[in-house]
Each structure stands twice: as C-alpha cells, then as structure tokens.
Amino acid sequence: MPMAFSPGLLLVAGSFAAFRLLNRGLERLVPPPPSARRNRWKWRNIWTSLAHSVLSGSGALAGFCLHPGLSEDLVGTHPPGAHSLVAVSVGYFLEDFVDMLCNQKLHQSWELLFHHSVVIVCFGIAVLLHQYIGFALVALLVEINSIFLHLRQILLMANLVHTTCYRLNSIINLGTYVVFRIATLAWMTRWLFLNRENVPPATYAVGTVGMAIMTPMNIILFYRLLRSDFFKSSRDVQREKEQ
C-alpha cells in the first residue's frame, strides 16, 4: 500500500525543493527596489508565492473549465493532472511555512503558519488517499485572488502605493476576493453540510474544522483590506511596509 502513495509524496518533495530553489534565485531574477532592500527575504517570499498562485489558480480554473462535470463528484474522480497540482501545492505550502518560520518573528507570522498547517493537513489527506482531489481543486480557486493579494504586497514594498496600478489592483483584488475567496469558501461549507452523510466522520471533522478556521480568518483579512486600501491612513500603510 505505501508504494501507491510514493508518487504523490515524491511530487510534494520535488515541489518543496523546486520552490526553495526558486526562492533562492528570485533576487537575481527580480532584484528588490531600494524600498524593499531592508526586507529581502519577504521580497523573495512574495514573488515565490505569486508564482504558486499563478500556477495553482490557473490550473484549478482550467480544470473546472475543461471538465465541467467535475463539480458533480468532488470525492472519487478528478481530471488528469489534478492530483499532481494538489501535491505541488502541498510542497509549496511546506516551503512557505519553513521560509516564514526561519525568517519572521512568530508574533508576525502565526496566522499564516496556522493557515498553512490547516491547508497542509487537508491537502495532504487528499494526496495520500487519492480522494477529495476535486474538493481540493475548488479550494485552489482561492489562489486566483491570491495573485492580486501578492501583487498588492509587491507594489506596497516597491513604494508604489499612490499609483494608478495600485488602485486598479486594489479594486480587482477586492472583486476577486468576494468571488474566488468568500464565495468559494461558502460553497465548500455548503457542500460539506449537504454531503455529510456520504463523507467519513474523520474526514468530515477535518473538513468542518478547516472551514471553521478559514472562514473567520478570511473575513478578518477582508476587513483589513477594506480598511487599508479604501479607508487607510498613512500609519496603516507604513505598518504594512514594515511587517
């Protein structure tokens, strides 16, 4: 039985190594501007996260566009490549977890570390069991919004807050947040509730706890984005740059 799991675990390990290498090489590919040189690790971290969001978000969206029937069975069936995409995402979240643990103070990163722990457990179960891949793919639709969240951080670090580009990104970020993050999480919670009879108790418990954690975290983040980008003060902007 363990042999059946090895391809997924190898993909996770390979993904971890690949994102680690990307992180190390990004400073040469995308040199930090003067305003970001005090926080070089974060500059690399955000660009690495952006690469993952583009890959996983577009991959998940393509999966549902090319296989519209996927939403009918999120447990036992999944399109070719979907399992690999989820495994690659587990590798990324592990790499990002390690990167933050090594470079950021715990009081600054505990929320994201907690978030990543939940995602790693939930996605890890899907990868190991070769089940719930479709459900994990739904969760990866959130990464479409993460693209604009990461672009926002890049513009913030590059001191481009007072630009049309930042303002446009803020609007798109807010729109995709509602569609691909809040609405997606609401749909996932509804799906879990409606299918509670067909999901094993242990898996249902993990999924329910995951949703119970993710939903308030994302509502709080939405409030912070609204306050920062649409009702912000100069103190709020400076605080975000220093984090």
Side-chain angles (χ1 to χ4, degrees), residues 7-23 25-26 29-30 44-68 70-71 74 77-100 112-113 115-154 169 172-173 175-185 187-188 191 207 210-211 213-214 217-218 221:
L9 294 178
L10 283 173
L11 269 171
V12 170
S15 171
F16 177 91
F19 278 109
R20 201 71 188 147
L21 287 172
L22 177 64
N23 183 288
L26 267 171
L29 295 171
V30 192
R44 296 193 307 270
N45 178 277
I46 294 169
W47 277 100
T48 305
S49 298
L50 177 61
H52 168 259
S53 293
V54 170
L55 173 67
S56 59
S58 59
L61 189 61
F64 283 102
C65 289
L66 296 173
H67 304 274
L70 177 61
S71 59
L74 299 178
T77 62
H78 52 267
H83 180 267
S84 298
L85 184 65
V86 176
V88 165
S89 290
V90 174
Y92 157 74
F93 282 112
L94 282 168
E95 188 279 331
D96 200 47
F97 187 97
V98 171
D99 196 39
M100 285 189 291
L112 274 175
L113 291 173
H115 167 275
H116 284 18
S117 300
V118 174
V119 173
I120 290 164
V121 170
C122 294
F123 281 18
I125 290 171
V127 170
L128 288 172
L129 299 181
H130 285 258
Q131 288 187 310
Y132 307 100
I133 296 296
F135 194 71
L137 216 60
V138 174
L140 283 176
L141 289 173
V142 167
E143 293 298 321
I144 293 170
N145 167 250
S146 293
I147 293 171
F148 302 99
L149 276 174
H150 297 319
L151 283 173
R152 175 183 178 276
Q153 283 294 316
I154 289 167
N169 185 75
I172 297 172
N173 184 29
T176 55
Y177 200 103
V178 172
V179 175
F180 289 105
R181 194 172 285 268
I182 293 177
T184 296
L185 288 171
W187 189 92
M188 290 171 70
W191 185 92
M211 290 295 98
I213 292 168
M214 293 298 181
M217 285 182 74
N218 279 279
L221 179 56

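The structure displayed is predicted, hence computed values, not measured ones.
- The CD1 atom of I125 sits 14.0 Å away from atom NE2 of H130, with the distance rounded to the nearest 0.5 Å.
- Interatomic distance, CD1 of I46 versus CD of Q153, reported as 4.5 Å (0.5 Å rounding).
- Side-chain atoms of Y92 never come within 3.5 Å of backbone atoms of T48 as a donor-acceptor pair (strictly under, hydrogens ignored).
- Nearest approach of F97 to L113, heavy atoms of both residues: CE1-O, 3.5 Å.
- Counting heavy atoms from C-beta on, the side chains of R20 and D99 come closer than 4.5 Å.
- Atom CG of L74 sits about 11.0 Å away from atom CD1 of I133, to the nearest 0.5 Å.
- Remark: the backbone N or O of S49 is paired with a side-chain donor or acceptor of S53 at under 3.5 angstrom.
- A 4.5 Å side-chain heavy-atom check between V90 and V119 finds every atom pair outside the cut-off.
- Two residues are said to be in side-chain contact when any heavy atoms from C-beta on lie closer than 4.5 Å; L22 and W47 fail this criterion.
- When all heavy atoms of A87 and V12 are compared, the pair lying nearest together is O-CG2, 3.5 Å.
- Here the NE2 atom belonging to H78 is positioned 9.5 Å from the CG atom belonging to L137, to the nearest 0.5 angstrom.
- Across L140 and S89, no two heavy atoms sit closer than the pair CD2-OG, 3.6 Å.
- H67 and P79 get closest at one heavy-atom pair: CD2-CB, 3.2 Å.
- Side-chain contact check for E95 versus S15: every heavy-atom pair is 4.5 Å or farther apart.
- One distance of note links CE of M214 with OG1 of T184; it measures 13.0 Å at 0.5 Å rounding.
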Exercise. Starting from the C-alpha separation in whole Å, work towards a yes-or-no answer on side chain to side chain contact (heavy atoms under 4.5 Å, CB included) for L9 and L128.
Key: CA-CA 8 Å; L9 294 178; L128 288 172; 3.6 Å; yes

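- Under the 30°/60° scheme for interplanar angles, the aromatic rings of H116 and F93 are found to stand perpendicular.
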Exercise. Decide side chain to side chain contact (heavy atoms under 4.5 Å, CB included) for R181 and L149; before the verdict, give the C-alpha distance in whole Å, the side-chain angles of both, and the deciding distance to 0.1 Å.
Key: CA-CA 11 Å; R181 194 172 285 268; L149 276 174; 3.5 Å; yes

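- Across all their heavy atoms, V86 and V127 have their closest contact at CG1-CG2, 3.7 Å.
- A 4.5 Å side-chain heavy-atom check between F19 and L94 finds every atom pair outside the cut-off.
- The backbone N or O of F148 sits less than 3.5 Å from a side-chain atom of N169, completing a donor-acceptor pair.
- Listed here is the closest heavy atom pair of L85 and L55: CD1-O, 4.1 Å.
- Taking CG of N45 as the reference point, atom CG of D96 lies at 4.5 Å (rounded to 0.5 Å).
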